[in-house]
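Here is the structure we will look at, set down as structure tokens.
In what follows, chains are A, B, ... by sequence order, proteins preceding strands, each numbered from 1. All values below come from the heavy atoms of this structure, side chains included, with hydrogens, waters and symmetry mates left out. Fair warning: this is a prediction, and the values are worked out from it, not measured in the lab.
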Protein chains: 2
Amino acid sequence: MTKNLEFTEKLRSSGLRPTKQRLKICEVLFNREKTFHFTINDLAKNISEKLKEKISLATVYNTVHAFKKKGYLKEISINSDKSYFDTNITNHHHFFDEDTNQLIDCDDNHLDNVKIKKNITGKKINSIEVLIKVASDNQNQN
Amino acid sequence: MTKNLEFTEKLRSSGLRPTKQRLKICEVLFNREKTFHFTINDLAKNISEKLKEKISLATVYNTVHAFKKKGYLKEISINSDKSYFDTNITNHHHFFDEDTNQLIDCDDNHLDNVKIKKNITGKKINSIEVLIKVASDNQNQN
DNA sequence: AACTACATTATAATTATTCTAAACTATTGA
DNA sequence: TCAATAGTTTAGAATAATTATAATGTAGTT
Ligand SMILES: [Mn+2]
Ligand SMILES: [Mn+2]
Ligand SMILES: [Zn+2]
Ligand SMILES: [Zn+2]
């Protein structure tokens, strides 16, 4: 059940020391069936539910940024007071539910292909993200 | 040269009183050739450069939000410490230059069409935004 | 002119995030 | 084995964008 050795290897191979805080965060992030879309606050809550001793919020921030830099997490572009991260690091796009503030992965069959035809001079493309904002389809919209 | 009467009418027709602050902000935002992509700070700086008496920062925030609600401005989804707004309210997409933190409109010929094939159950689509992050194409990338 | 609803303003509050610097720990190699 | 060292964790302070507050001002109306 515990994939600690895997996580230890993963961390070590990317030059990160496998501390007990990082291993715990790996478990919370990567030991799940489905993609996890989260804010730092979501993650911290998730950790504290599953853990007796707490992890400092600064460490959660440090770790998420370290994992992002190593390519284990993606940050999703969305205008919000909070940053959103994603354990699905493949190229994919999102629905954002403005009622619940939840990100949902687009399947390939949700979208036609998005292809760039032209470049911007002297610039390289780092990412292409499609964000589809959705909300409940009620009559009484304000 | 001064389109104040136009702006006065525009404001009045949408139920906003044409105060001198709002008219000045209209001039700065809408009296230009090209699309203006800006943060609140950009706008405030722009105002203070062109104006003897200053407009309170709270008023700048209030006005931008009022204009957004009326559909005169769009807010662009981008993960940043600051919010970005756009005087181009048509459906269009953006490059974001991560070197300069500037938004640039995509022409139609920059992108293939982006079409949704499927909906999310019970939700209506509010917007579809494509964001292409670009940066300088140097060898010495960190 | 007086009334009222709306708008502006300075300032305080909020809050996500980053910074700081001291204490702690994993790793290494003598 | 164990000290040296570089990397890590932590509490708390600092930062900064944004929002809230509440007093003052003003546009539109009668
Ligand atoms: Mn913000
Ligand atoms: Mn932020
Ligand atoms: Zn995703
Ligand atoms: Zn634009």
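- In the region residues 52-64 of chain A, proximity to DNA chain C at under 4.0 angstrom, judged on heavy atoms, holds for A:Tyr61.
- As a whole-Å value, the separation of A:Leu51 CG from D:dT10 C1' is 15 Å.
- Between B:His37 and B:His94, the two ring planes are perpendicular [angle over 60°; tilted spans 30° to 60°].
- Following rounding to the nearest Å, A:Lys69 (NZ) and D:dG7 (P) show an atom-to-atom distance of 13 Å.
- Look at CZ on B:Arg22: it is 18 Å from P on D:dG25, rounded to the nearest Å.
- Residue A:Ser77 holds its OG atom at 5.0 Å from CG of B:Leu131, rounded to the nearest 0.5 Å.
- For B:Leu51, the side chain to side chain contact (heavy atoms under 4.5 Å, CB included) partners two or more places apart in sequence, or in a different chain, are B:Lys24, B:Ile47, B:Glu53, B:Ile55.
- At whole-Å resolution of the value, CD1 in B:Ile25 and C1' in C:dT9 are 13 Å apart.
- Contact annotation: B:His65 side-chain N/O to D:dT18 OP1/OP2 distance is not under 4.0 Å.
- The side-chain hydrogen bond (donor to acceptor under 3.5 Å, both in side chains) check on B:Glu75 picks up A:Asn79, B:Lys68, B:Ser83, with sequence neighbours excluded.
- Residues passing the side chain to side chain contact (heavy atoms under 4.5 Å, CB included) test with A:Lys45 are A:Asn41, A:Glu49, sequence neighbours excluded.
- The separation between A:Leu11 atom CG and C:dT25 atom P is 18 Å, rounded to whole Å.
- DNA chain D lies under 4.0 Å from no heavy atom of any residue of residues 41-49 of chain A.
- For the salt bridge (Lys or Arg N to Asp or Glu O under 4.0 Å) test, residues two or more places apart in sequence or in another chain that qualify with B:Asp97 are A:Lys123.
- Between D:dT18 and B:Ser83, a contact under 4.0 Å exists linking OP1 or OP2 to a side-chain N or O.
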Under 3.5 Å between N/O atoms: give me all the protein pairs with nucleotides 26-30 of chain D, atom names plus distance.
from   : atom 1 : to      : atom 2 : distance (Å)
D:dA27 : N3     : B:Arg17 : NH1    : 3.4
D:dG28 : OP1    : B:Arg12 : NH1    : 2.3

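- Atom-to-atom, CD of A:Glu75 to P of C:dA16 comes out at 15 Å; the value is rounded to the nearest Å.
- Residues satisfying the side-chain hydrogen bond (donor to acceptor under 3.5 Å, both in side chains) criterion with B:Lys50, sequence neighbours excluded, are B:Asn46.
- For the side chain to side chain donor-acceptor pair (under 3.5 Å) condition, the pairs that include at least one residue of residues 5-18 of chain B, sequence neighbours left out, are B:Ser14-B:Tyr72.
- With sequence neighbours excluded, the residues that form a salt bridge (Lys or Arg N to Asp or Glu O under 4.0 Å) with A:Lys133 are B:Glu129.
- Considering only side-chain N and O atoms, A:Gln21 lies nowhere under 4.0 angstrom from the phosphate OP1 or OP2 of C:dT25.
- Partners of B:Phe38 under the side chain to side chain contact (heavy atoms under 4.5 Å, CB included) rule, at least two apart in sequence or in another chain, are B:Leu29, B:Phe36, B:Asp42, B:Leu43, B:Val64, B:Leu73, B:Phe85, B:Thr87.
- D:dT9 atom C1' lies 14 Å from atom CG of A:Leu16, rounded to whole Å.
- Applying the side-chain hydrogen bond (donor to acceptor under 3.5 Å, both in side chains) test to A:Tyr84 and every residue at least two apart in sequence or in another chain returns nothing.
- Between the C1' atom of C:dT18 and the CG atom of A:Asp81 lies a distance of 17 Å, rounded to the nearest Å.
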